[in-house]
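In what follows, a single structure is set out as structure tokens and then discussed.
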Amino acid sequence: MAGKILVTGGAGYIGSHTTLALLESGYNVIVLDNLCNSSIESLHRIETLCGKTPEFVQGDIRDRIMLDNLFASNHISAVLHFAGLKAVGESVNSPLEYYDNNVTGSITLCQAMARAEVYNLVFSSSATVYGEPTEMPIREDFPTGVPTNPYGRSKLMIEELLQDLAKSESRWSIALLRYFNPVGAHQSGMIGEAPNGHPNNLLPYVSQVAIGGLEQLSVFGANYPTQDGTGIRDYIHVQDLAEGHINALQNIVQRKGVDIWNLGTGTGYSVLEIIRAFEVVSGRKIPYKIVDRRPGDIAECWANPEKAELELNWKAKRGLSEMMSDIWRWQSNNPKGYD
Ligand code: NAD
Ligand code: UD1
């Protein structure tokens, strides 16, 4: 593709894996990140892994002047937009920060793109926009639901504003990628998920219990209407997710308008199945106790991934055991993340 790919949030968890995949596929990449939830070390490691360096701009997507300069001084053909805040609990306590970062940030980015006449955009959305569907697996044409927290609402708002934008100007070509539960790490064990402070999501918690950094896992509810009573999710390897972005990018440069794709595997696993799978690959016992349900959690959530397979020619290839062993390699090689 002529022109560079701008990756906002490219030093973060999913952005770093996608940046590596882009560089390996021959794209020229500029990473824009304010490093509020990531480390520049992820980009150094990408360089070690593939021998190529993404250009890096430390800046904020809400900084319009910086964005205008960036677009004016580079030939950018598409934007992969990962930048944003993602901690559900924190979003409840700091809603303004979340709406400002995620919604205002996305608006500012789109304004700068429109000014520079860059109309190709891939947006990181989430299965959270479906709310609590009555049927599984979830298809893209299911109605969006009512997310239970400001983080989820910010994702839905951005999706809606991008839909409006594409209607208002026919040159826009936008992919809304609804991720299910991203987990795993690059197979080298050199880049992975490095949550700040106490982890909220299941796999970072399990892996920190496994290395002894945390004492035991709390399983949030064992009385859901599922086969073992614990919540079921569609865990997807971050490398599969990264590859999905490249296919989405190739798709949107060939057409116009806005489209939605689920990025999931189509298979759900319960919390207890995850614990067992992690114990097998790590050879460590994961002590856990059953506690009350976490407010806002749903019983089950997994994707129908057929639309992405049909239209993007993309399918998740990596199974549960590979996800678990890649997390374990990353976690045991980097017990303190990038520190
Ligand atoms: P992450 O926190 O690791 O990455 C986000 C990156 O964006 C970080 O490097 C952070 O420093 C940067 N950033 C945040 N606000 C910024 C701003 N205003 N300007 C510039 N940079 C900024 O998160 P991730 O897990 O890689 O998620 C990437 C995207 O995918 C997010 O938009 C997230 O909401 C979405 N998503 C993530 C998940 C998940 O489980 N990880 C699931 C669904 C959707
Ligand atoms: C959560 C967010 C969702 C966000 C996604 C990715 C909530 C309610 N939802 O999804 O908006 O898009 O992360 O960032 O926070 N679990 C435990 N113990 C733990 C942690 C989790 O039992 O310590 C269980 C949960 O109840 C759930 C499953 O593990 O059944 C997965 O949880 P998690 O990894 O937090 O992801 P989601 O809740 O699916």
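Every number for a ligand or one of its atoms is a count from 1 in the order of the listing. Here the structure is a predicted model, which is why all the values come from computation and not from measurement.
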Nearest protein heavy atom with distance in Å, relative to atom 27 (O) of ligand 1: Ile14 CD1, 3.8 Å
Tyr338 versus Ala194, closest heavy-atom pair with distance: CD1-CB, 4.0 Å
Whether the side chain of Thr265 engages the backbone of Ala316 through a donor-acceptor N/O pair (distance < 3.5 Å, no angle test) should be reported. no
Is there a chain of hydrophobic side chains (I, L, V, M, F, W, Y, each step under 4.5 Å between heavy atoms) that links Leu165 to Leu80? no
Considering Val209, Asn201, Val183, which one's heavy-atom position lies nearest to atom 6 (C) of ligand 2? Asn201
Could you tell me whether some N/O pair between Tyr179 and ligand 1 is separated by less than 3.5 angstrom? no
Does Arg255 come within less than 4.0 Å of Glu311, counting only side-chain N to carboxylate O? no
With respect to Asp60, determine whether any N or O atom, backbone or side chain, lies less than 3.5 Å from an N or O atom of ligand 1. yes
Ligand 1 and Leu85, any nitrogen or oxygen pair closer than 3.5 angstrom? no
When you measure from atom 25 (O) of ligand 1 to every protein heavy atom, which one gives the shortest distance, and what is it? Lys86 NZ, 2.8 Å
When you measure from atom 31 (C) of ligand 1 to every protein heavy atom, which one gives the shortest distance, and what is it? Phe82 O, 3.1 Å
Check whether any N or O atom of Ser38, backbone or side chain, sits under 3.5 Å from an N or O atom of ligand 1, and answer yes or no. yes
Option of least heavy-atom distance to atom 24 (C) of ligand 2 (set: Val271, Ile298, Ile290, Val92): Val271
of all protein heavy atoms, closest to atom 12 (C) of ligand 1 is Asp33 OD1, 3.3 Å
Under 4.0 Å from one or more heavy atoms of Pro182, ligand 1 contributes atoms 38 (C), 39 (C), 40 (O), 42 (C)
Less than 6.0 angstrom from the centroid, inside 45 degrees of the normal: does Arg178 satisfy that with respect to the ring of Tyr130? yes
Polar atom proximity, Ala83 to ligand 1 (N or O, under 3.5 Å): no
So which of Val291, Asn181, Leu214, Ile275 gets nearest to atom 36 (O) of ligand 2, if we judge by its closest heavy atom? Asn181
Does any N or O of ligand 1 fall below 3.5 Å from an N or O anywhere on Leu32, backbone included? no
Is it the case that ligand 1 has an N or O less than 3.5 angstrom from some N or O of Cys36? yes
Selected option - heavy-atom contact closest to atom 39 (O) of ligand 2, from His198, Arg233, Glu300: Arg233
Sub-3.5 Å N/O-N/O distance, Asn101 and ligand 1: yes
Report yes or no: does a heavy atom of Leu35 sit under 4.0 Å from some atom of ligand 1? yes
Contact between Ser16 and ligand 1, counting heavy atoms under 4.0 Å? no
Check: of Phe220, Tyr13, Tyr205, Tyr151, min heavy-atom distance to atom 20 (C) of ligand 2 comes from Phe220
